[in-house]
Structures are given as structure tokens and as C-alpha cells.
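Shown next, in C-alpha cells, is the structure this report addresses.
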Amino acid sequence: MTAPKLLPLAIGLFAVGVLAIIAVFVLFATGHSDLPVWLNVAATYLPALGLALGIIAVVRKSRRRS
């Protein structure tokens, strides 16, 4: 996957992960304690995966230019 295709994917994964984190906080604040596993997994891994892919995309893009 090339860097131009990788960066939007990274941004999307990061954004979905941040939305999952916000959802976890809102649900916890409203009294829900038994949250779904998929929501916890999304809040845990998607922001990190998106950040890692974003860093890889930026590094690959900068190496191509020089």
C-alpha cells in the first residue's frame, strides 16, 4: 500500500478510535459499567494502529522525495 493511500486509512482509523474512546467515557459517565468487548477493543487498539500507520505513511512519503 502506497503512502498516499495509507494516510487516509490512518486518519480514519485514528478518528474511529477516538470516537470509541469518547463513547466509552460517555457510557461510563452515564452509569454503564459492562461495556461491549468490541467497543473496548476499538478504543484500545484503533488509535494506536492509526497513529502507527500515519507515522509509517509520513516516513515513506518523506523518503520518496529525497
Side-chain angles (χ1 to χ4, degrees):
M1 191 171 271
T2 61
K5 294 179 185 175
L6 194 61
L7 195 56
L9 175 66
I11 293 170
L13 286 175
F14 187 79
V16 170
V18 170
L19 288 175
I21 291 171
I22 292 170
V24 167
F25 278 116
V26 168
L27 288 172
F28 185 73
T30 59
H32 294 84
S33 60
D34 192 21
L35 300 177
V37 173
W38 65 267
L39 185 59
N40 289 326
V41 169
T44 303
Y45 294 113
L46 287 182
L49 183 62
L51 181 64
L53 287 177
I55 291 171
I56 290 169
V58 169
V59 168
R60 287 180 69 187
K61 187 176 181 180
S62 69
R63 284 189 176 196
R64 233 183 345 177
R65 287 189 180 170
S66 33

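- Residue pairs meeting the side chain to side chain donor-acceptor pair (under 3.5 Å) criterion with at least one member in residues 13-30, sequence neighbours excluded: T30-H32.
- Screening I11, V18, V16 for a side chain to side chain contact (heavy atoms under 4.5 Å, CB included) with F14, the sole residue that qualifies is V18.
- Rounded to the nearest 0.5 angstrom, R60 CZ and L7 CG are separated by 11.5 Å.
- Grouped by direct or indirect side-chain proximity (heavy atoms under 4.5 Å, Ile/Leu/Val/Met/Phe/Trp/Tyr only), F25 sits with I21.
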Give every donor-acceptor pair under 3.5 Å between a side-chain atom in residues 36-50 and any protein atom, sequence neighbours left out.
residue	atom	partner	partner atom	Å
T44	OG1	N40	O	2.7

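- From L51, atom CG reaches atom CD1 of I56 across 10.0 Å, with rounding to the nearest 0.5 Å.
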